[in-house]
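Right, one structure below, let's go through it.
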Amino acid sequence: MAKFELKLPKMGESVAEATITNWLKNVGDTIAADEAVLEIATDKVDSEVPSEVSGTLSEILFQVNDVVKVGQTIAIIETEGGAVVEPVAQAVASAPIAEAVAAAVEVAKEIAAPADFSGSDKFYSPLVKNIAKEEGISVTELDTIAGSGKDGRVTKEDLLQYIKNRGNQPVAPATTSAPVATPAPVASSATQAVPVSVNGADEIVEMDRMRKLISKYMVESVQTSAHVQSFIEVDVTNIVKWRDKVKNEFEKREGEKLTFTPIFMEAVAKALKDFPMMNISVEGDYIIKKKNINLGMAAALPNGNLIVPVIKNADQLNLVGMAKAVNDLGNRAKAGKLKPDDTQGGTYTVTNVGTFGSVFGTPIINQPQVGILALGAIRKVPAVIETPEGDFIGIRQKMFLSHSYDHRVVDGALGGSFVKRVADYLEAWDSNRTI
């Protein structure tokens, strides 16, 4: 029998680690090549880790809720054959697999076993324990930190944020029983009493992991950015007529439906090229001008949660490419097949609130971006039409664009001019355009 190291695969340039949320296989189970072995979660996406080989799961090196870094061995699979099998991209050139596994286990034990955490009733991942140990945070102090993870568990991000805000607060040594002078703690969901239905008829439902993350990010965004909005009404009659004319031919030729979303995305990408100071992010007192235009498109998941996949280099796509990208990301979001890298690197976000019949909305900025555009529902409305012969009333197809932007770095002139430019591109649509 040969042994294969199942490693946490690379999930994108900005994703360095993931949390194990569920093992789909147990020790002793048979695994087929490309079959999912476990489920993992990053900040925004849940995904599966498949096996590259067929065999039998012989060892599990990390447990549920452990944080694992990209490239770390997470399990050992025994395969048929007499040679040691290693992943092609991450093969260990010299040390035998047995030694590498033993070393990994020893490191895991060393990280997971700080002596002063045995007195806590709460669960902390090895990574959180290690950070706390290095920062001199006692178990008493660690127990006061509000956790955003499953069952109120403290995540790495919770701990790093706490350390950042901790300042020069005195910290009690791990061996003392004296109270620690810390900011007033917010009780975590793990210690909060479960709400009780007074009348016995109300249903109590705990948020799932993604809902808790969304809740955390939305509150943080409002606390971080000074939100302000600009609204503009757009006449999209020419676009509606043009799409009605070409959509059947487009679907027959490309095998893709032509929705309004890629048309709007194209206009937004053009406007971002015209106003590069909308394609920025903020870090402290510094503004980072983004080289690439990567458009996020907010999508509703079947369970009601929200996710924002990203169209990379959107300004370089023609309308056919934009339509294919929108459909691909939208379909994979609904099927739960997005990869972690699919949600990374966005520089500006568009959300289509009109899908649910909303005329306009005031969306919350997707940090660390500085703007988000909401597309309202397209409606037939009576409108004044100006002609050389005079004005008259006619039926037009109109919609509202709602632009939320960060007033720390985007003033009304820029925020308003940007959304007006998007409207101008849409109203100047060429009814004879070929695709």
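Any value given below was found using the heavy atoms of this structure, including those in side chains, with hydrogens, waters and symmetry copies removed.
Among pairs with a residue in residues 277-288, those fulfilling side chain to side chain donor-acceptor pair (under 3.5 Å) read Asn279-Thr347, at least two apart in sequence or across chains. Judged as a ring pair (Phe, Tyr, Trp, His ring centres under 6.0 Å), not a single pair has a partner in residues 306-341 (not counting sequence neighbours). Among pairs with a residue in residues 232-260, those fulfilling ring pair (Phe, Tyr, Trp, His ring centres under 6.0 Å) read Trp242-Trp429, at least two apart in sequence or across chains.
Listed by chain and residue number, Lys25, Ile31, Ala32 satisfy the side chain to side chain contact (heavy atoms under 4.5 Å, CB included) test with Glu35 (two or more places apart in sequence, or in another chain). Here Asn305 pairs with Asp208, Arg211 under the side chain to side chain donor-acceptor pair (under 3.5 Å) rule; sequence neighbours left out. Partners of Val205 according to the side chain to side chain contact (heavy atoms under 4.5 Å, CB included) rule, which considers only residues two or more places apart in sequence or in another chain, are Glu203. Under the side chain to side chain donor-acceptor pair (under 3.5 Å) criterion, Arg243 pairs with no residue at all, not counting sequence neighbours. Scored by the side chain to side chain contact (heavy atoms under 4.5 Å, CB included) test, Asn318 finds Val320 as partners (sequence neighbours excluded). Applying the side chain to side chain donor-acceptor pair (under 3.5 Å) test to Arg379 and every residue at least two apart in sequence or in another chain returns nothing.
Residues Val154 and Leu159 share a closest heavy-atom pair of CG1-N, 4.2 Å. Across all non-hydrogen atoms, the minimal contact from Met265 to Leu295 is O-CD1, 3.5 Å. Heavy-atom minimum distance, Met278 versus Leu272: CB-CD2, 3.8 Å. Between Val68 and Leu8 the shortest heavy-atom distance is O-CD2, 3.2 Å.
Taking a cutoff of 4.0 Å between a charged side-chain nitrogen and a carboxylate oxygen, Asp235 and Lys398 do not qualify as a salt bridge. Using a 4.0 Å cut-off between a side-chain N of Lys or Arg and a carboxylate O of Asp or Glu, Glu251 and Lys247 do not qualify as a salt bridge.
Among Leu6, Val37, Leu24, the one residue that satisfies the side-chain contact (heavy atoms from CB on, under 4.5 Å) test with Val49 is Leu6.
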Can you give each donor-acceptor pair under 3.5 Å made by side-chain atoms of residues 323-337, sequence neighbours left out, with the distance rounded to 0.1 Å?
from, atom 1, to, atom 2, distance (Å)
Lys324, NZ, Glu254, O, 3.4
Asn327, ND2, Glu256, OE1, 2.9
Asn327, ND2, Lys257, O, 3.0
Asn327, ND2, Ala323, O, 3.3
Asp328, OD1, Arg332, NE, 3.2
Asp328, OD2, Arg332, NE, 3.4
Asp328, OD2, Arg332, NH2, 3.1
Asn331, ND2, Asn327, O, 3.0
Arg332, NH1, Asp342, OD2, 2.6
Arg332, NH2, Asp342, OD2, 3.4

I'd like a table of donor-acceptor pairs (distance under 3.5 Å, sequence neighbours excluded) in which one partner is a side-chain atom from residues 413-420, with atom names and distances.
from, atom 1, to, atom 2, distance (Å)
Ser417, OG, Ala413, O, 2.5
Lys420, NZ, Asp424, OD1, 2.8
Lys420, NZ, Asp424, OD2, 3.4

Under 3.5 Å, sequence neighbours excluded: what are the donor-acceptor pairs made by side chains of residues 352-365?
from, atom 1, to, atom 2, distance (Å)
Asn352, OD1, Gly354, N, 3.2
Asn352, ND2, Thr355, OG1, 3.4
Thr355, OG1, Asn352, O, 3.2

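In this structure, Ser402 contributes its side chain and Phe231 its backbone to no donor-acceptor pair below 3.5 Å.
In this structure, His407 and Gln229 have side chains that are not in contact, with every pair of non-hydrogen atoms separated by 4.5 Å or more. Contact of the Leu38 side chain with the Ile20 side chain is registered, since non-hydrogen atoms from C-beta on lie closer than 4.5 Å.
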